[in-house]
Amino acid sequence: AFFQCEELQVVEFQQNSELQIIGKNAFIRTNINRVFIPPSVIEIGESAFYECDNLQLVEIPYNSQLQIIGKESFSGSQIRRIFIPQHVKVICEEVFAIHELEVVVFHPLSELQVICRGAFARTSIKSILIPPHVQKIGTHAFYGCGDLQLIEIDHSTLELIGTEKFEEAENSIIVVQK
């Protein structure tokens, strides 16, 4: 919809918006610096905000209905902190392949089940709490996370951890089962 609209800097959705899907490539390579995701959105499509070099703030409300964060949807942006709302079940491939991402906060009642391949690859996160319903962590999920030191697994139902998920992490990683 706004593919490579270099002059686009601000995207505002009304609080009471009924928007349900932010489509594939919707804002790819624009110059937006912040976006509020309306509570009604259930899916952020593949590459929706891919390579938005100036995107620093993504506001997702606590009562969000978001369920799917599509492949590479925020890859290449400048986001430092992200909140993953309760109903997100899948974080797709390379969603947050961002060097600047430092903090990931999951809703306390997270329904997250799958963290796909490379989801947090090449980020600057130092620690992460894996929610209890996560059943699968894909290959290279934390590839190149040189600052990652602590992974907490909260009363896990984890069935599959992809091979090489922590490859190239420069520091020692401590996995703690809560």
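Numbers here are sequence positions counted from 1.
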Is there a side-chain contact (heavy atoms from CB on, under 4.5 Å) between Ile82 and Val103 once you walk through the steps? CA-CA 6 Å; Ile82 192 77; Val103 178; over 6 Å; no

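- Taking CD of Glu72 as the start and CD of Glu46 as the end, the distance is 6.5 Å to the nearest 0.5 Å.
- Of all heavy-atom pairs between Ser47 and Ile28, the closest is O-CB, 3.8 Å.
- Between Glu94 and Arg117 there is a salt bridge, since a side-chain N of the basic residue sits under 4.0 Å from a carboxylate O of the acidic one.
- Between Leu57 and Phe36, every side-chain heavy-atom pair lies at or beyond the 4.5 Å cut-off.
- For the atom pair CD (Gln56) and CG (Asn33), the distance works out to 6.5 Å, reported to the nearest 0.5 Å.
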List the steps and the verdict of side-chain contact (heavy atoms from CB on, under 4.5 Å) for Ile84 and Val104. CA-CA 7 Å; Ile84 309 296; Val104 179; 4.1 Å; yes

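- Proximity of Lys126 to Asp147: side-chain heavy atoms (C-beta onward) are separated by under 4.5 Å at one or more points.
- Put simply, the side chain of Ile32 does not reach to within 4.5 Å of the side chain of Gln9, judged on heavy atoms.
- Between Leu112 and Ile91, the closest side-chain pair of non-hydrogen atoms falls below 4.5 Å.
- Looking only at side-chain heavy atoms (C-beta outward), Glu59 and Arg34 come within less than 4.5 Å of each other.
- Distance CG/Asn63 to CD/Gln86: 10.5 Å, rounded to 0.5 Å.
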Given salt bridge (charged side-chain N to carboxylate O under 4.0 Å, His left out), test Glu102 with Arg81 step by step and report yes or no. CA-CA 6 Å; Glu102 296 174 348; Arg81 179 182 179 90; over 6 Å; no

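- Side-chain contact between Phe83 and Val58 is absent, with no heavy-atom pair separated by less than 4.5 Å.
- Taking all atoms of both residues into account, the shortest heavy-atom contact from Pro38 to Pro61 is C-CG, 4.5 Å.
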Arg80 and Glu100: salt bridge (charged side-chain N to carboxylate O under 4.0 Å, His left out), yes or no, with the steps? CA-CA 5 Å; Arg80 293 194 184 278; Glu100 287 73 16; 5.8 Å; no

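- Ring pair Phe27/Phe49 is parallel by interplanar angle, where below 30° counts as parallel and above 60° as perpendicular.
- Screening His133, Gln67, Glu111 for a side-chain hydrogen bond (donor to acceptor under 3.5 Å, both in side chains) with Lys89, the sole residue that qualifies is Glu111.
- Within the 4.5 Å cutoff, the side chain of Ile115 has no heavy atoms near those of the Val90 side chain.
- Considering every non-hydrogen atom in both Ser73 and Gly70, the closest pair reads OG-O, 2.9 Å.
- Both Leu8 and Ile22 belong to a common hydrophobic cluster when Ile, Leu, Val, Met, Phe, Trp and Tyr are linked at side-chain heavy-atom distances under 4.5 angstrom.
- Of all the heavy atoms in Asn31 and Asn54, the pair that sits closest is OD1-ND2, 3.1 Å.
- The aromatic rings of Phe106 and Phe120 sit perpendicular, their planes meeting at an angle over 60°, well past the 30° parallel limit.
- Taking the side chain as every heavy atom from C-beta outward, Leu101 and Ile125 approach each other to under 4.5 Å.
- If you take CZ on Arg122 and SG on Cys145, they are separated by 9.0 Å, rounding to the nearest 0.5 Å.
- Interatomic distance, Arg29 CZ to Cys52 SG, rounded to the nearest 0.5 Å: 9.5 Å.
- Ion pairing between a basic and an acidic side chain is recognised when a charged N comes within 4.0 Å of a carboxylate O; Glu93 and Lys71 show no such pairing.
- The shortest non-hydrogen separation linking Ser64 to His87 is O-CD2, 3.4 Å.
- Residues Leu109 and Val114 do not share a hydrophobic cluster, clusters being chains of Ile/Leu/Val/Met/Phe/Trp/Tyr side chains in contact below 4.5 Å.
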side-chain contact (heavy atoms from CB on, under 4.5 Å) evaluation trace for Val88 with Ile68: CA-CA 6 Å; Val88 171; Ile68 298 171; over 6 Å; no

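- Residues Pro85 and Leu66 approach most closely at CG-CB, 4.0 Å, considering heavy atoms.
- In this structure, Ser40 contributes its side chain and Ser17 its backbone to a donor-acceptor pair below 3.5 Å.
- Put simply, OG1 on Thr123 and CG on Leu148 are 7.5 Å apart, with the number rounded to the nearest 0.5 Å.
- Taken together through direct or relayed side-chain contacts under 4.5 Å among Ile, Leu, Val, Met, Phe, Trp and Tyr, Leu19 and Tyr62 form part of one hydrophobic cluster.
- Side chain of Glu152 to backbone of Leu150: no donor-acceptor contact under 3.5 angstrom is found.
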Tell me, with the steps shown, if Val11 and Thr30 meet side-chain contact (heavy atoms from CB on, under 4.5 Å). CA-CA 10 Å; Val11 176; Thr30 60; over 6 Å; no

